[in-house]
Each structure stands twice: as structure tokens, then as C-alpha cells.
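For reference, positions follow the sequence shown, starting with 1. Side chains are part of it too, since the values below use all heavy atoms of this structure and drop only hydrogens, waters and symmetry mates.
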Amino acid sequence: MKKQISCSAVVAAFSGSLLLASLVMAMPDGFAATTKKAAAKATAKTGEGTPASRHAAAPDGAYEQWLKKYGAYDRIAVPEVGADDGSGASALKRAEAHLLQGTPQQALALIEAQQPYEDNALETQRLWLGGHAFRSLGDPYKAVLWYSASVKLMDPKQLKAKLVAEPGLEALWVDVWRRQFWAFVGNPSASREALEETLQTLQVQAETAWGRENFWGKSKEALDLASGSAGQDAEGLEASDKPAGKPAKSAKTGDKPAKEPVLAVSEADRILIAQAVSAASLENYAQAKEILAGISAPPLRDFWSALLTFLDTGKAPGAKSLGAAGYAKAAGFWSANLLAPYAGSREDWLLGSSAPSWTRFKANLTRLSRPEAQEAVDKELQSLLLSDEMSRLLRSLKFVLLLQDGKLDDAREIWNGLDKRKLPICLRVSGGLIYQEDMKTLLPQEIGAAGKLSPALASLLSAGGIGIPLAGEAPFWTRAEVGKNSNVNKNWPLDRLLVLADWQARWVAAPSSELARRSAFLFPDTSYGYDCLLYLTQRAVENRSFQLAEAYLHRMEKLSTDKNGAVARLSLKAKMERESGKDELALSTYQEILALGVDMDSKTRLDMATFLQLKGDFDGGRKQLQILWDQRDKMPRPLQAEILFWLGEGEHSLRNYDAALDYYLRLAYQYPQEPMWPTVAMYRSAMIYEIKGNFETAKKLLRQVIATADTKEAQEAAKNRLSALETKSGKTTSKENGELVYPF
């Protein structure tokens, strides 16, 4: 009975010819996939075939082109007779064949197994094919580095011809250069010199191929500025290289016209921001909000209120008001998830400790007025039994209290005596804003921790009107239009937050695979980038490009997201596994989704329910379908009808005929205008009434199916069933109008 619940079985109930046609149409894909997998497995295992096949696998040039015409790349990939496996031109020919037949991992293994060739042409080809392999495997960074190594061996004319001829390579080169540049200017480390050398090499090659127009002119200016060859002393390498107390101004590259104003943060507003953030360090969010209410500029209030929301909840707030006001970079700060590393725990931001003495003292402090609190802190600081940690906490607390009172000079004295690297991040932001602190003194000494905090801290200081933009960046409060008519890519192509805001606006207006691919690479740690990967995965699954879908799913698995994001990924994974015939894996994936314990979209839950029924778990399927039915008011009517049908199918499969009839007949009555489902439900009901021996009701239902079916096949199936019933049941015992026919 289980076969009744499959979609193919529903079609089969109406027409065996349709089912046969669907099987015939599906055969080439499945057959091709099986053949390719078997060929790849054999090649990987032995590297060669039988003696006869090896002899046949040494094609000449014309034969090789003929094989390529028909896609018989596996014959080219077979080692030639007498050739040393993994050496010479034959190895590269086989690597290229692996690429053409969609097995880049095997191609890369073959390429990397070769020692660098002494022959310049062969080595150029080996490196170029390596770039192809990494690009096929979804690693743009390594792809560009291999391409770059290849064109190093070419003269300028060859270099230009090769790079320009490769489809989509300039966009890939631009995005790889961007990511490397952002790492170079934003996270100084021991690898800084190597990063600069790589950027310089890629820059020169790009200029040779694509000229200095547009992006490559801007990138040259920004790189010269960042590396110090264009007046580093005048403008500075990073926001932290100059005192942070001056209002933000534009870096040399990408200067905006004067007519586009930049919001100026007044000293009074900056003090209020610092006071509010210091109050947040004590988790006094109500007090912090009261302080922010005094800020004169609404965008400033909105931005810093959003920070309070994050510190309180761990969730990145929406930034629609900032975007609507034209402050795309400020809105981009929240879209970029710069605070995501701290979403799980904000302990690093808050002034606290698990020590019982501190917990008691802090609790008692909330019952005191501010003068009383300051007195209590001073008294505690005089104790001779204070631990180093308690002393640091008390002095930090005194700094907050003095700041709240507006005693900035007294607070400065405390600030100068604190180890700023050990302060909670909220206080580093407060002190940095008030006392124009160099960002370097606020970052942890450990490189990894500094890299984690640096982008967020630099942006927050900029949002408070402090610091100089990094090379290639716009001031934080620059007003810029984003989307279709934007000039961001022309004026500020190296400003990460602005580019993100611009691409996100373009995505909302018109999603595309090209934009999704670039965004997923350039902004992998954002919810927008994750959404782009979901989009690409869905397209790949729909097109049955399962290898590509697996690559996207693998990338998503490594990214942090909430449970809803995990459900979205797992639902696509399960769909791919089902459609590729991996039912056991799909079942396991659905169990993962259920274990997350969060709501999911209706389509995913319906897919899960029907699959559970298909695998014989009717109780599990019924449970998921009932959840959907309880939520039906939020769904379109076609989906409601489908849910009722599958509820009936589950009961039908369990031979709960009365329950099945309740669902089928309710569907036929309540959703008569919906395509397919009400007609199928009436056909199913007729089958059940036949089983129950109620032939007349079965006949009436079949006649209705004949009258309303959408296809000739469905009508013919119902006519055949009706004819069989007429023969089986004999003459009717009632008239068409329902009146009984008496024997006497």
C-alpha cells in the first residue's frame, strides 16, 4: 500500500502511459550520472583500463577533437600507451579531460602531482589548468593565484590575450583583489608584506590586461596610499595611525563631491554616545537609552540605539531607517554582521566578573544614588586586601561613574591608569571617543583577537565621528545612493560597507546568479551572503546540478547562522538527496531538521511529511501534515488542498478508510476549483467505496471525475474503472435521482 502515496503512483492512477513517459524522460540524466560516476571511479582506482582499452585510448589530434564534440572526455582522460603516468604533456591532456567531464578534484590531483615543468609552455599550461580546477571547486582565491602564476611566464601580449579571453575572469580578479586588500588595510599582521606583494602583482597583471579604467585606477590609488607610497605620512595608513579626536574626513582615493554632505558628529553628541555606551557596559540599558535621547541627530540616535539592542539581545537589529535616510554605510554596518562573533556572548563588552565579591558589590550598588555609589567605590578601593582583578573592576566602575557625572578630566586620570586592552569593549569605545585614543592601544595584542575586533571597533569609532577612513573608504556618515542608479562601484569600489549596501539593494530589486556568486564570495560572513548561497543552491538543485549544489552546501555548513538558516540549508540538502536517490541520507537530514525544534516554511514541512509517508513512517508524516493543517489560514488555497490530499493518502495507506474518506471528500467539496487534487481525491474515494462494496457511490464519483478531469488520460482511467464497476455490480438498485427501485 505504500506505493499509493508517491507522486508517481498518483499519476499512475490516471495513466500508465504518463508514468512510462516520465521514466523514459528521466533515463538519460540518471544513466549519464551512473556512467560518469563509474568511469571516474575506475580511473581513480586503477588509472588505466584493460590492454585493449589502453590501446584505443591514444587518440590523435583529429580523433581527440571528435571525442570532445560528443563529450567523450573520459576516453581522453585514460593514460596513453607507453606514457609514464603523471608526466609530460599527456598528464595535462588528461587533467583537461577531467575538467571537461566535471571532475575537477581528479584534475587537480593530477596537476598537483606534477613537478614544475622545465618547458615554459607546459608549466604555463599546468598552472592555468590549476586555476581552472580551483575555480571549478569554488575557490576563487586559489584560482586567481594559479592564474597569476601562469601569466607571470607570459609576455605582456600573451598575458592580455589570455586574461581577457577567459569568461568572467576580470570580475573574479576584482573580488579576490578586494578581499585581499581589506585584509591588508584592516588586519595588520605578520603576513602584511606578503599580502602587499600579492596585491602589487595582481594589480600590475590586471592593469596590463584590462587597463587603468574604472576599478583598477581606484585600486592603484588605494594600494599606493595604504602601502605608504602615496603620502602615508600625510593621510595615514589606518584609522589608528592618527589621533582619533579629529572629525572623519575623506581619504585621497574616491573623494566625494562637496554637494554630498557628510553628517558631522558634534562634541556634545560624542560625549552623550560615550556616556550611553559606558552605561551599557553595566547593562543599564534603560539609562543608556535616556542618555541617547538627548542626541541631536536622529541617524546617530538610531545607530547607537541599535548597538544597545545588540548588547541586550545578541541580535543584529534592522537598519531600514538609516538606509532610508541615505546613510548606506551606517546601514551596511549592521548588514555586514561585524558584531556576529559576539552574538552568542557579550561578556567581552560588559563590565563583569563571576567573582562572588564583585557580584554582591554590583548588586548593592544599584540601590545607591550616584554620589553614594562613588563613595562606596572609593571606600572599597582603599582596602588593602583587593585582588588585582577586583582593583581593575572597581577603577573601571569609577571611570563609568565619573563619565556619567560629566567629570571628564577626573575620568581621564582614571582612564590613563587603566590597561585599556583588558577593559570591556564598551569602555574602550567610550574612552576612545572621549579621549581621541589611537585604535592600536585598544586592540588586543593577540593577532587573532585583534583581527576579530578591529573591523567593528574601527567602524564604531568612525560612527562616533572619530578617526580617518581607511584607504579607499568613504567617511562613515557619507550619504550615498545604493542600488540600480548608484555610483558606489565607481566612486567607492573598495569601501566594504558601501559595496555591501549597494549590492544588497541590487539583490532586493533583481536577484541573479552572477550577483549571488560574487556576493557569496565577497561577503561570506553576512546573512546576505548566506542568502545568496541558499539561492545558488536552490537553482543548482532545480537544475539537477548536484555536484554544484554539494559545493554550495559545504560552504554554508562552515558558516555561522541561526536555526532558521540551518533549516533552510538542511531542507535544500534533503531535497537534493531525495532527487539524487539517496533516500536514507534524506531521511537522516529530515531528522536533523526536526531535532532543531524550530518552525520551518510550509513547503519544507510538506516535503518532509510526504517523504516520511513514502518511507513508511505514517505517524511521523501525519504529525507534520496536521501541523500544516492547523496553520492553513496562512497558506494559499492550492497548498491547503494538497495538505488535505496527503492526509487522506496517509490514512488510505494504513487502510483507515473512513478517515481517508473524510479527508478526500472534504477536499473535493471545499476546494473544487483547485487543479488536480480534488479530482484525484474523488478518484481515491471511488476506490475506497468500491472496496467497501458501495458501488453506486463509487460510480457517481467516477462520473464526476470524467466530467471534471483536466487530462484525457485521467478521463480514460476513470471511464475504464467505471466500465469495470458496471460489469462487476450489475444493474443499479436506485435511480439517478436517488429514488429506490423496488423488486415488487
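Of the possible polar contacts, none joining the T478 side chain to the A474 backbone as a donor-acceptor pair under 3.5 Å is found. Checked by atom type and distance alone, the side chain of W177 pairs as donor or acceptor with a backbone atom of L199 at under 3.5 Å. No side-chain donor-acceptor contact under 3.5 Å links R428 to the backbone of M439. Side-chain atoms of N337 never come within 3.5 Å of backbone atoms of A340 as a donor-acceptor pair (strictly under, hydrogens ignored). For the pair T103 (side chain) and Q106 (backbone), a donor-acceptor distance under 3.5 Å is absent. Side chain of Q158 to backbone of D155: a donor-acceptor contact under 3.5 angstrom is found. Between the D495 side chain and the L498 main chain, a donor and an acceptor come within less than 3.5 Å of each other. For S519 (side chain) and A516 (main-chain N/O), no donor-acceptor pair under 3.5 Å exists by modelled atom type. A donor-acceptor distance shorter than 3.5 angstrom exists from the side chain of D562 to the backbone of G565, with no hydrogens or angles considered.
Taking 4.5 Å as the limit, some side-chain heavy atom of W182 sits within range of a side-chain heavy atom of L522. Under the 4.5 Å side-chain criterion, counting only non-hydrogen atoms from C-beta, S148 is in contact with T201. Side chains of K315 and F310 form no contact here, defined as non-hydrogen atoms less than 4.5 Å apart. Side-chain contact between W507 and C532 is present, with at least one heavy-atom pair separated by less than 4.5 Å. W216 places a side-chain heavy atom less than 4.5 Å from the side chain of V174. Counting only heavy atoms from C-beta outward, the side chains of N489 and R506 approach each other to under 4.5 Å. Between V151 and W128, the closest side-chain pair of non-hydrogen atoms falls below 4.5 Å. For the pair R539 and E542, the minimum side-chain heavy-atom distance is below 4.5 Å.
Taking each heavy atom of S150 and T124 in turn, the nearest pair found is OG-O, 2.8 Å. Contact between F546 and V541 at its shortest, heavy atoms only, is CE2-O, 4.1 Å. The nearest pair of heavy atoms linking V265 to G464 is CG1-O, 3.6 Å. Of all the heavy atoms in S321 and D302, the pair that sits closest is OG-OD2, 3.2 Å.
Rounding to the nearest 0.5 angstrom, the gap separating the OG atom in S513 from the CZ atom in R518 is 14.0 Å. Note: S459 OG to F476 CZ = 6.0 Å, rounded to the nearest 0.5 Å. Between the OG atom of S454 and the CG atom of L338 there is a distance of 10.0 Å, given to the nearest 0.5 Å. Note that the CG atom of L548 and the CG atom of L536 stand 7.5 Å from one another [nearest 0.5 Å]. Going from atom CG of L433 over to atom OG of S462 covers 10.0 Å, rounded to the nearest 0.5 Å. In this structure, the separation between CD on Q547 and OG on S136 is 9.5 Å, given to the nearest 0.5 Å.
With sequence neighbours excluded, the residues forming a side chain to side chain donor-acceptor pair (under 3.5 Å) with K220 are D224, listed by chain and number.
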Given the rule in the side chain to side chain contact (heavy atoms under 4.5 Å, CB included) test, do E96 and L129 qualify, once you have shown the distances and angles that lead to the verdict?
CA-CA 7 Å; E96 184 179 13; L129 290 175; 4.3 Å; yes

Output, in order, the C-alpha distance, side-chain angles, deciding distance and verdict of side chain to side chain contact (heavy atoms under 4.5 Å, CB included) for W492 and V499.
CA-CA 8 Å; W492 302 106; V499 172; over 6 Å; no

Take F333 and F303 through the test ring pair (Phe, Tyr, Trp, His ring centres under 6.0 Å) and record every step on the way to the result.
CA-CA 9 Å; F333 174 88; F303 180 88; 5.3 Å; yes

Applying side chain to side chain contact (heavy atoms under 4.5 Å, CB included), run through F181 and E196 and close with a yes or a no.
CA-CA 8 Å; F181 180 76; E196 183 179 352; over 6 Å; no

In sequence, state the C-alpha distance, the side-chain angles, and the governing distance for L108 and L137, and then conclude on side chain to side chain contact (heavy atoms under 4.5 Å, CB included).
CA-CA 9 Å; L108 184 61; L137 290 168; 3.8 Å; yes

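A salt bridge links E473 to K329: one of the charged nitrogens lies within less than 4.0 Å of a carboxylate oxygen. Using a cutoff of 4.0 Å between basic side-chain nitrogens and carboxylate oxygens, K218 and E221 are not scored as salt-bridged. Ion pair R496/D525 flagged as a salt bridge, since at least one NZ, NE, NH1 or NH2 atom sits closer than 4.0 Å to an Asp/Glu carboxylate oxygen.
Using modelled atom types and a 3.5 Å distance limit, the side chains of S486 and D502 yield a donor-acceptor pair. Using modelled atom types and a 3.5 Å distance limit, the side chains of T198 and Q180 yield no donor-acceptor pair. Side chain to side chain, W173 and Q203 fail the donor-acceptor criterion of an N or O pair below 3.5 Å.
Seen from the ring of F215, K490 does not count as a face-on cation partner, given the 6.0 Å and 45° thresholds. With a 6.0 Å cutoff to the six-membered ring centre and a 45° limit on the axis angle, R179 does not count as a cation-pi contact of Y141.
In this pair, W146 and F134 present their aromatic rings tilted. The plane angle is within the 30 to 60° band. By the 30° and 60° cut-offs, the orientation of the rings of F523 relative to W503 is perpendicular.
For the side chain to side chain contact (heavy atoms under 4.5 Å, CB included) test with R569, the passing option among L553, L533, T561, N564 is L553; the others fail.
Listed by first and then second residue, the salt bridge (Lys or Arg N to Asp or Glu O under 4.0 Å) pairs involving residues 157-167 are R135-E166 (not counting sequence neighbours).
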